[in-house]
Number of protein chains: 2
Amino acid sequence: MTKTPYPGTQSIRRAMSLLKAFTDAQPEWGLTDLAQAVGLNKTTAYRLMTALENEGMVARDVHTSAYHLGPGAIVLGGRALRTNDLHITSRAELEELAGDTGESATLEIRVDCDVLIVDQVQGAHVLGAAQEIATRWPAHATSTGKVLLAYLPVTQCEELFTVPLVRYTEKTITDLAELQVELAQVRAQGYATVHEELELGFVAAAAPIFNHNAEVIAAVSIGGPGARLQASHLQGVVNQVIQAAKRISERLGFVNSNSD
Amino acid sequence: MTKTPYPGTQSIRRAMSLLKAFTDAQPEWGLTDLAQAVGLNKTTAYRLMTALENEGMVARDVHTSAYHLGPGAIVLGGRALRTNDLHITSRAELEELAGDTGESATLEIRVDCDVLIVDQVQGAHVLGAAQEIATRWPAHATSTGKVLLAYLPVTQCEELFTVPLVRYTEKTITDLAELQVELAQVRAQGYATVHEELELGFVAAAAPIFNHNAEVIAAVSIGGPGARLQASHLQGVVNQVIQAAKRISERLGFVNSNSD
DNA sequence: AACTGCGGTTCATATTATGAACTCATCGTA
DNA sequence: TACGATGAGTTCATAATATGAACCGCAGTT
């Protein structure tokens with residue numbers, strides 16, 4: 001996938017692809033299956049996994065000797081989350097957003113053609129999104145995803161979607177051309193919304209966060225049941241999200257009028 | 001450090017030690033410093049870091065080109081967290097506890113001012129607690145409850161008890177101030193016990209389970225008839241419970257604050 | 001302009017990772 | 001209970017791989 005492998009890094013790439021084989025859908029692997037799935041020789045996989053096990057990145061079921069991700073991965077992920085300065089900077093804004101709107105506020109970044117929830121503050125309402133930090137959602141069916149895709153160079157965006165856009169509801173945009181139209185609109189208006197495109201009844205709005213270099217590095221969103229986020233009310237929420245995103249961007253060194 | 005390095009894994013061990021250099025205290029590294037801190041040749045460090053960067057495990061500040069942990073680490077950690085749920089992780093320890101002591105071992109979480117039994121392994125003895133998974137007991141009269149309350153912020157703990165503490169036996173703590181004293185003691189010693197406070201003749205000891213974020217998310221306990229768990233023997237049981245809780249915590253990514 | 005410190009690159013070398021073939025343990029089934 | 005199948009773990013000759021000393025060139029300092 002990633003071209004131009006820097007020389008001398010074969011085993012790291014292999015080790016990482018082993019780690020990435022542990023998904024939510026398949027969190028446990030036997031050695032032989034794992035090796036086959038990743039396309040490695042069994043011995044090589046065994047050696048790499050043993051190393052990863054010694055480092056605590058994976059662990060094994062005492063009984064079945066099946067591999068699963070280990071505490072080392074949790075520790076590392078926790079550190080990555082905490083030390084992310086975007087995360088630190090945004091926290092207060094998320095809390096304010098969630099407080100003002102009563103809905104759940106999230107901070108998300110893009111990872112390939114998914115978005116990753118980096119931080120979340122629950123809304124006041126009982127009915128709302130569950131705690132989902134570190135989970136991923138498809139970019140094309142989320143408001144944050146649309147924002148993060150919209151500000152990508154068109155070519156780069158197209159490269160991401162080599163496989164068909166997965167349908168989640170009847171409203172999901174599954175046509176790439178149609179998505180591009182939507183993204184153009186998002187760019188034009190500076191925010192994105194989803195209306196039941198990921199899940200029936202779920203509505204959300206997102207706005208981009210710019211870094212000091214005027215690149216979009218993340219998106220904030222507010223999401224909740226469509227019953228509460230109806231058109232009249234939604235526009236107000238959209239504005240709040242935009243303002244919050246703008247404040248975060250400024251704290252990251254973004255200056256609106258482009259200089260340099 | 002780790003003895004008997006399995007052959008053919010040098011670069012993985014090195015890559016992992018690079019990743020582990022990113023602590024909360026030092027979340028950002030320049031290449032040269034990092035290489036020196038980890039004890040690697042600069043070129044080697046560069047090569048490994050480039051590989052890790054391509055895999056998304058680390059990322060760099062656009063401006064300073066300093067390394068920090070990347071989204072890949074967050075994703076991985078999230079998966080590890082969701083995969084490693086408490087049940088799976090604790091099961092073996094519960095079994096060992098129950099096996100070693102002959103008494104019933106439980107895993108419990110707090111729900112409002114009750115504790116909920118999430119998992120349980122019966123002891124060998126016939127006379128013991130019945131199978132109680134998914135049942136609730138009052139937190140103020142159980143060892144696990146005391147543990148789970150003890151590590152709560154005091155204000156939050158007080159908010160829970162708007163109604164009087166229910167008396168179950170003549171030993172039940174029903175005075176809130178007295179309970180707070182007991183909880184302080186629990187915090188100080190790192191474990192809790194009950195002596196016939198829930199039921200005459202029933203004695204138990206519990207210890208806290210910490211997650212990767214150093215929050216107490218659950219408690220393990222051993223409980224049985226006071227006739228078998230007398231003072232002399234109880235201390236040994238307490239230690240076993242503490243050790244089991246500690247091992248579970250570690251597997252959940254908890255790192256004792258005096259390391260790093 | 002010269003200096004310093006840093007990220008990044010080159011390339012000959014042998015250390016290192018590799019994988020085919022093997023053993024051993026376990027488990028389901030006949 | 002024996003037997004075959006499956007999967008974890010080991011061995012070892014091989015060369016492909018990672019290695020690191022020395023190098024470049026840029027950016028910020030003095």
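Just so it is clear: chains get the letters A, B, ... in the order the sequence lines come, proteins before strands, and each one is counted from 1.
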Using a 4.0 Å heavy-atom cut-off, does B:Thr32 contact any base of the nucleic acid, only the sugar-phosphate backbone, or nothing at all? sugar-phosphate
Which nucleotide, D:dG9, D:dG20, C:dG8, lies nearest any side-chain atom of A:Arg60? D:dG9
Per B:Leu31 side chain, nearest of listed nucleotides C:dG7, D:dT19, D:dT17: C:dG7
Check the side chains of [Y] and [X] for a donor-acceptor pair under 3.5 angstrom, ignoring hydrogens and angles.
X	Y	result
B:Arg13	B:Thr9	yes
A:Ser221	A:Ser143	no
B:Glu103	B:Thr101	no

What distance do B:Leu69 atom CG and B:Ile74 atom CD1 have between them, rounded to the nearest 0.5 Å?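 One finds 8.5 Å between CG of B:Leu69 and CD1 of B:Ile74.
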5' priority, DNA chain C, between A:Arg14 and A:Lys42 [closest heavy atom]: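 Final value for this comparison: A:Arg14.
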Expressed in angstrom and rounded to an integer, what is the separation of [X] atom [atom1] from [N] atom [atom2]?
X	N	atom1	atom2	answer
A:Leu40	C:dT18	CG	C1'	11 Å
A:Leu48	D:dG9	CG	P	14 Å
B:Met49	C:dT9	CE	C1'	18 Å
B:Leu18	D:dT19	CG	P	10 Å
B:Gln36	C:dG5	CD	C1'	12 Å
A:Asn41	D:dA16	CG	C1'	14 Å
A:Ile12	C:dT18	CD1	P	10 Å
A:Leu34	D:dG7	CG	P	13 Å

Given A:Val186, A:Val216, A:Thr144, A:Leu183, the one that forms side chain to side chain contact (heavy atoms under 4.5 Å, CB included) with A:Leu149: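 With A:Leu149 as partner, A:Val186, A:Val216, A:Thr144, A:Leu183 yield a single side chain to side chain contact (heavy atoms under 4.5 Å, CB included), made by A:Leu183.
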Respond yes when some side-chain nitrogen or oxygen of [X] is under 4.0 Å from OP1 or OP2 of [N], and no when none is.
X	N	value
B:Ser11	D:dA18	no
B:Gln10	D:dT19	yes
B:Tyr46	C:dT9	yes
A:Arg47	C:dT18	yes
A:Thr44	C:dG19	yes

Could you check whether the side chain of B:Thr43 and the base of C:dT9 have a donor-acceptor pair of N or O atoms closer than 3.5 Å, going by distance alone? yes
